[in-house]
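Okay, so here's the structure we're looking at.
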Protein chains: 2
Amino acid sequence: MTKPPTAPSERAPQDLLRLDRQLCFSLNAASRAFGAVYRTLLKDLGLTYPQYLVMLVLWEHTELPVKRLGELLRLDSGTLSPLLKRLEAAGLVHRERSAQDERSVLVRLTPAGTVLREEAALVPVRIATATGFTAQEAGELRALLEKLTLALDGAAFDDGSLCD
Amino acid sequence: MTKPPTAPSERAPQDLLRLDRQLCFSLNAASRAFGAVYRTLLKDLGLTYPQYLVMLVLWEHTELPVKRLGELLRLDSGTLSPLLKRLEAAGLVHRERSAQDERSVLVRLTPAGTVLREEAALVPVRIATATGFTAQEAGELRALLEKLTLALDGAAFDDGSLCD
DNA sequence: GGGCATTTAATTGCGCACAACTTAATCGTG
DNA sequence: CACGATTAAGTTGTGCGCAATTAAATGCCC
């Protein structure tokens, strides 16, 4: 039942397979658990979790093109276009072609979208409570996650071992 | 532009909002970055990332009911049923009603599904390389994620502040 | 200025995640 | 044994994530 401590360099393939499963899986599980808590908290606001992320960006920037929104959230137009269409149907955002560059579409908060910020003010507090994390733990976790994301992004593009 | 250091107990709502965004978002981003790397690695095997997770469980347990599979992966039949149907169509698993309990469906590896394990052997190694993480870092991250998941699961169910 | 590559959104198609519901088998209690 | 409650899978519908494609505007270079 107990696993003998093994030096990293001597790990057997089975251990790697297990370790791997646990890391990618625990990340997946945590992400979905987070989503579940957000979902219950956001139900009253009529927002999904990804929609909430978009609103968070807009509450900081007020108006910005879809392109920039996608860069900030790591999402492409295939995801954002229908999502923004739903937010527009809900009356929270307005979309219009940029006058300077007619290819670009500017997303802007409506008054209703701006007001929603007040109603959403409690969400982060409740989330922080739900995690039970201290600021140190949260910071530590974020640092690890950002390091991981950076490494994985790099590997996906310029690591030859992945693209054989 | 620079943020003055503030004691956690005195954080203003805006800071909480930002911190919150960064934590849930970095988790989301890392999870999707992970998925992207797996996707490229698994393309040759004809597996999606969730399908790979199912196969990982099956490679350990050989045969088990859908119910148990769902518990291990935190997925319900709404997700697993069509996924398993696709794995069965690909010839990797076999499904049949349990004789003991006709409500239950047993999922079992086919010979092809068993053989696929050999082909998948390199995946965890490449993933480990892509993360660039030491075993310590990976362990530390997993510990934080599991603690987080546990806290979030608890909050979703028995925390009154979430269900008002 | 004309023609071609690039950029930006939108659309289409597929698979996953989840809620709500349906169906069928089993359990429990009288 | 009967009958209501519970349990396990499957189905349906909605939304997200992403690849691939399309359409339109812009930039560039001769």
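Each chain gets a letter, A, B and so on, in the order its sequence line appears, and its residues count up from 1.
- Using a 4.5 Å heavy-atom threshold, the side chains of A/L72 and A/L64 count as touching.
- Residue-level contact check: A/P65 touches the backbone only, with heavy atoms under 4.0 Å from sugar-phosphate atoms and none from bases.
- For the pair A/R103 and B/T79, nearest-nucleotide mapping onto DNA chain D gives the more 5' position to B/T79.
- Taking side-chain N and O atoms only, B/R39 has a distance below 4.0 Å to OP1 or OP2 of D/dA19.
- Residues A/L83 and B/R95 both approach DNA chain D. Their nearest nucleotides, taken by heavy-atom distance, put B/R95 toward the 5′ side.
- Computed from coordinates, the A/L73 CG to D/dG15 P distance equals 19 Å when rounded to whole Å.
- Nearer the 5' end of DNA chain C, as judged by each residue's closest nucleotide, is the contact made by A/K85, out of A/K85 and A/N28.
- Picking from D/dT26, C/dA9, D/dG10 the nucleotide with the shortest atom distance to the side chain of B/V105 gives D/dG10.
- B/D76 places its CG atom 12 Å from the P atom of D/dG10, with the value rounded to the nearest Å.
- Contact annotation for B/T48: backbone-only contact, meaning every heavy-atom pair under 4.0 Å involves sugar-phosphate atoms and none involves a base.
- Salt bridge present: A/R95 and A/E88 bring a charged side-chain N and a carboxylate O closer than 4.0 Å.
- A straight line from CD of A/E71 to C1' of C/dT7 spans 12 Å, rounded to a whole angstrom.
- Side-chain contact between B/L109 and B/E63: absent, with no pair of heavy atoms (C-beta onward) separated by less than 4.5 Å.
- Under 3.5 Å, the side chain of A/S77 and the base of C/dA10 form at least one donor-acceptor pair of N or O atoms.
- The CZ atom of B/R32 sits 6 Å away from the P atom of D/dG17 (whole-angstrom rounding).
- The phosphate of D/dA19 (OP1 or OP2) has no side-chain N or O of B/K43 nearer than 4.0 angstrom.
- Within 4.0 Å (heavy atoms only), B/L75 reaches sugar-phosphate atoms of the nucleic acid but no base atom.
- For the pair B/E88 CD and D/dG10 P, the interatomic distance rounds to 9 Å; values are reported in whole Å.
- B/Q100 comes within 4.0 angstrom of the backbone, heavy atoms only, and of no base.
- B/S104 comes within contact range of the sugar-phosphate backbone alone, with a heavy-atom separation under 4.0 Å but no base atom that close.
- In this structure, A/L80 places its CG atom 14 Å from P of D/dA19, rounding to the nearest Å.
- As a whole-Å value, the separation of A/L69 CG from C/dA10 P is 11 Å.
- Between A/D153 and B/R32 there is no salt bridge, since no side-chain nitrogen of the basic residue lies less than 4.0 Å from a carboxylate oxygen of the acidic one.
- Following rounding to the nearest Å, B/R97 (CZ) and C/dT23 (P) show an atom-to-atom distance of 14 Å.
- Looking at B/R103 and B/K67, their side chains never come closer than 4.5 Å, going by heavy atoms from C-beta outward.
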